[in-house]
Amino acid sequence: MTLHDLEKQRALSEVALKDNSYDFTAKYMAVSHLHSLVQTNPEVINTGTIFALEKIIEDPRISRQTQAYFMYRETANTLCSMITHSKNLSDQALFALKNLLGKTSGHAHRAVAEALGALPFSINGPDIHNDSMEHIPDTTFQETLKQLDLTPCGSPAFIGRSLVTAVDRGDRLLVIKLARANESPASLCGEPHWMEHLKEQSLCFDVRFNVPEAIKIKGSHVFNLKDTPAAIPHDTDLHPKGHAIGFIADKDYFTYPNDTEKERQLTHDKFGEVMFRNAYLLGRLTSLGIVHSALIPLFHNRVQRERRRDHGFYEWPRAGRLDGWLDSCSYPNLGLTGIRDFEHLTGFKGVSRRLYIHMGAHFLSLLLVTGSYFRNKDRHRIGFDTLGRPIDARDLFDKPFLKKLIHNIFISYYHGFVGKVFDGKAPLDLEVLSSRMIEEMGVDRHMEEVLRITDQNEMTTEAFRKFLENKGYSRDEIQKHKKGIEDITIHSGPHLGGFNERISLPELIESVGTMSALCIAGRYLEAVRESRRAGLRSAANSDGCVVKPNTPST
């Protein structure tokens with residue numbers, strides 16, 4: 001087929017996109033044909049094609065179609081193909097997609113963000129090998145102190161499932177982290193290996209990141225602690241064999257940025273420093289192929305997780321209701337010492353599309369923790385008042401500071417992930433996003449969850465009673481409910497959205513998609529530039545030129 005014939009096909013497809021007499025199916029076929037042309041004959045595509053595709057994504061009539069998302073996805077993917085296939089139009093296509101990020105919402109925005117989030121590059125993270133579990137040594141608390149040559153400075157106490165005591169090695173803590181009742185010892189051993197790996201990579205982090213020092217007992221990271229010299233919290237169900245790991249951590253290891261206790265709450269400046277530094281560290285770790293998969297617990301529906309295919313975990317691109325957002329932020333895996341709880345680190349190997357989902361969870365977690373910082377200034381103001389009206393805590397928020405936090409969290413993460421400072425103005429409407437965050441996070445409209453009969457029947461009688469007890473029911477109230485008889489409505493929020501509904505803060509999801517897409521696009525461009533530089537160096541070498549490393553001027 002001649003170039004003239006191909007250009008004629010392109011022109012006919014563009015007519016179908018612009019002409020209102022063509023129906024939805026015809027327009028979709030025209031976009032698909034243009035996509036094929038971009039991939040096989042990019043030289044026939046011009047700026048008019050970009051303009052026609054932009055208008056399809058902006059057309060409000062398309063949004064009324066039941067299959068609109070698929071049209072948007074194909075259109076956005078066509079523009080992304082121009083970025084990867086066309087040398088002349090790649091910059092214009094990228095500009096168009098970034099512009100659309102700031103102008104669209106709903107399905108159109110999701111399609112554009114996902115297309116940018118799939119720009120191709122690969123990351124090859126580290127392989128972390130676990131210990132053999134053939135022999136796990138036994139030890140006592142005192143034997144552990146003796147082997148490590150440590151003297152306790154005070155009585156040990158439990159923080160969650162960790163036995164913690166201050167020791168005489170500077171301002172340091174000995175932490176013995178015990179397995180839960182349903183965990184195998186193998187589930188513990190990844191964390192100390194990540195500590196050792198990150199200690200070796202310390203030069204990769206040019207900001208404060210106090211990685212704990214893993215300990216070994218009789219040559220093993222995993223051991224059985226045969227005694228617990230402190231009262232175990234009543235709601236902590238530990239493994240009967242005492243499977244554990246240990247590490248020596250900075251004194252601030254258990255200091256959270258959004259503490260509810262007034263004497264431990266951070267000033268605005270300190271909170272900002274901690275959040276921006278952790279955002280940078282998250283981006284930097286992700287760029288190295290080290291992904292933290294649980295900064296905070298994110299659930300669509302906790303109560304149904306035992307019978308759902310997705311175990312109730314939150315799939316943020318679907319923008320469903322977010323379960324118990326404020327409770328989820330109670331103990332985030334980030335703090336004054338940096339990123340923490342390395343059991344949730346995984347080595348990432350693969351393409352950017354899967355990375356986009358992980359990065360979105362990072363941004364979502366960071367922004368939720370940011371919202372909780374303001375609410376935790378007075379955690380008693382929660383739920384409904386005595387007249388059954390939602391508590392209004394919007395006065396706890398500082399809007400100008402919130403806008404600064406959102407912006408700098410993105411800028412910091414981008415810098416860590418891409419390796420360069422973000423250039424230009426991000427297509428984020430901080431005024432709208434901050435206003436909507438205050439509106440939805442500051443007023444507890446959604447407090448209800450429903451314990452379905454089906455979910456009750458999945459529980460034992462004891463688990464059913466325990467569930468209601470944990471939700472604040474008294475013994476008398478629990479006695480009134482018989483398992484499996486009727487659905488039970490429970491006030492367990494605040495949630496973002498009504499039970500089994502959409503999230504009440506879609507602007508948050510769209511902003512998360514925008515931030516993640518911009519990071520992926522930035523990293524893709526850096527990969528392209530590095531490839532071109534490598535090509536130039538190779539060409540210079542093949543011509544007999546000597547390539548010298550950069551040396552400082554004198």
**Message:** Which label fits Tyr28 and Phe24: parallel for a plane angle under 30°, tilted from 30 to 60°, or perpendicular past 60°?
**Reply:** parallel

**Prompt:** Yes or no on side chain to side chain donor-acceptor pair (under 3.5 Å) for Ser86 and Asn88, after CA distance, side-chain angles and deciding distance?
**Reply:** CA-CA 6 Å; Ser86 175; Asn88 296 329; 5.5 Å; no

**Item:** Set of ring pair (Phe, Tyr, Trp, His ring centres under 6.0 Å) partners for Phe276, sequence neighbours left out
**Value:** none

**Prompt:** Taking atom types as modelled, is there a side-chain donor on Glu510 or Ser105 under 3.5 Å from an acceptor on the other?
**Reply:** no

**Item:** Pair listing, salt bridge (Lys or Arg N to Asp or Glu O under 4.0 Å) test, anchored in residues 273-285, at least two apart
**Value:** Lys270-Glu273, Glu273-Arg277

**Item:** Over all atoms of both residues, closest heavy-atom pair of Leu17 and Ala52
**Value:** CD1-CB, 4.0 Å

**Asked** Under the ring pair (Phe, Tyr, Trp, His ring centres under 6.0 Å) test, which residues partner Phe95, sequence neighbours left out?
**Response** none

**Prompt:** Do Glu501 and Arg321 sit within salt-bridge range, that is, some charged N less than 4.0 Å from a carboxylate O?
**Reply:** no

**Request:** For His481, enumerate each residue passing the ring pair (Phe, Tyr, Trp, His ring centres under 6.0 Å) test, keeping only those at least two apart in sequence or located in another chain.
**Result:** Tyr473

**Prompt:** Which distance, rounded to the nearest 0.5 Å, do you find between the CG of Leu322 and the NE2 of His446?
**Reply:** 11.5 Å

**Prompt:** What pair of heavy atoms forms the shortest contact from Tyr72 to Ile56, and how long is it?
**Reply:** CE2-O, 3.9 Å

**Prompt:** Does a donor on one side chain and an acceptor on the other come within less than 3.5 Å for Gln9 and His33?
**Reply:** yes

**Asked** Going by the angle between their ring planes, with limits at 30° and 60°, are Phe410 and Phe363 parallel, tilted or perpendicular?
**Response** tilted

**Electrostatic pair Glu486:Arg452 at N-O distance under 4.0 angstrom** = no

**Message:** Has Ser531 got a side-chain atom pairing as donor or acceptor with Ala527's backbone, closer than 3.5 angstrom?
**Reply:** no

**Fill in**
Sorted by chain and number, sequence neighbours left out, ring pair (Phe, Tyr, Trp, His ring centres under 6.0 Å) with Phe348 holds for none

**Message:** Applying salt bridge (Lys or Arg N to Asp or Glu O under 4.0 Å), can you list everything that pairs with Lys349, at least two apart in sequence or on another chain?
**Reply:** Asp127

**salt bridge (Lys or Arg N to Asp or Glu O under 4.0 Å) partners for Lys103, two or more places apart** = Glu58

**Message:** Quiz question: by atom type and distance under 3.5 Å, do the side chains of Glu448 and Thr489 form a donor-acceptor pair?
**Reply:** no

**Message:** Distance alone, cut at 3.5 Å: any donor-acceptor contact between the side chains of His495 and Glu449?
**Reply:** no

May I have the list of side-chain donor-acceptor pairs in residues 411-429 shorter than 3.5 Å, sequence neighbours left out?
| unit_1 | atom_1 | unit_2 | atom_2 | d |
| --- | --- | --- | --- | --- |
| Ser412 | OG | Asn408 | O | 2.7 |
| Tyr413 | OH | Thr286 | OG1 | 3.4 |
| Tyr413 | OH | His362 | ND1 | 2.9 |
| Asp429 | OD1 | Glu431 | N | 3.3 |
| Asp429 | OD1 | Val432 | N | 3.1 |

**Message:** Is it true that, when you exclude Phe51 itself, more than 12 heavy atoms of the residues, nucleotides or ligands shown sit nearer than 6.0 Å to its CZ?
**Reply:** no

**Request:** For His35 and Ser81, test the side chains for any donor-to-acceptor distance below 3.5 angstrom and give the result as yes or no.
**Result:** yes

Throw together a table of side-chain donor-acceptor distances under 3.5 angstrom for residues 366-381, partners on residues two or more places apart or in other chains.
| unit_1 | atom_1 | unit_2 | atom_2 | d |
| --- | --- | --- | --- | --- |
| Thr370 | OG1 | Leu366 | O | 2.8 |
| Ser372 | OG | Asn258 | ND2 | 2.7 |
| Ser372 | OG | Val369 | O | 2.7 |
| Tyr373 | OH | Leu266 | O | 2.8 |
| Tyr373 | OH | His268 | ND1 | 3.1 |
| Arg375 | NH1 | Met441 | O | 2.8 |
| Arg375 | NH1 | Asp444 | OD1 | 2.9 |
| Arg375 | NH2 | Arg381 | O | 2.7 |
| Arg375 | NH2 | Asp444 | OD2 | 3.1 |
| Asn376 | OD1 | Arg379 | NH1 | 3.1 |
| Asn376 | ND2 | Asn258 | O | 2.6 |
| Asn376 | ND2 | Ser372 | O | 3.4 |
| Asp378 | OD1 | His380 | N | 3.4 |
| Arg379 | NH2 | Asp327 | OD1 | 3.1 |
| Arg381 | NH1 | Asp395 | OD2 | 3.2 |
| Arg381 | NH2 | Asp392 | O | 3.0 |
| Arg381 | NH2 | Asp395 | OD1 | 2.6 |

**Request:** Show the numbers, then the answer: is there a side chain to side chain donor-acceptor pair (under 3.5 Å) between Ser187 and Glu343?
**Result:** CA-CA 8 Å; Ser187 67; Glu343 68 173 295; over 6 Å; no

**Prompt:** Applying salt bridge (Lys or Arg N to Asp or Glu O under 4.0 Å), which residue pairs with at least one partner in residues 61-70 are found, sequence neighbours left out?
**Reply:** Asp59-Arg61

**Message:** Between Arg529 and Glu526, does any NZ, NE, NH1 or NH2 come within less than 4.0 Å of an OD or OE carboxylate oxygen?
**Reply:** yes

**Request:** Return the set of residues passing salt bridge (Lys or Arg N to Asp or Glu O under 4.0 Å) with Asp91 (not counting sequence neighbours), or none when no residue passes.
**Result:** none

**Item:** Any residue meeting salt bridge (Lys or Arg N to Asp or Glu O under 4.0 Å) with Glu54, in chain and number order, not counting sequence neighbours
**Value:** none

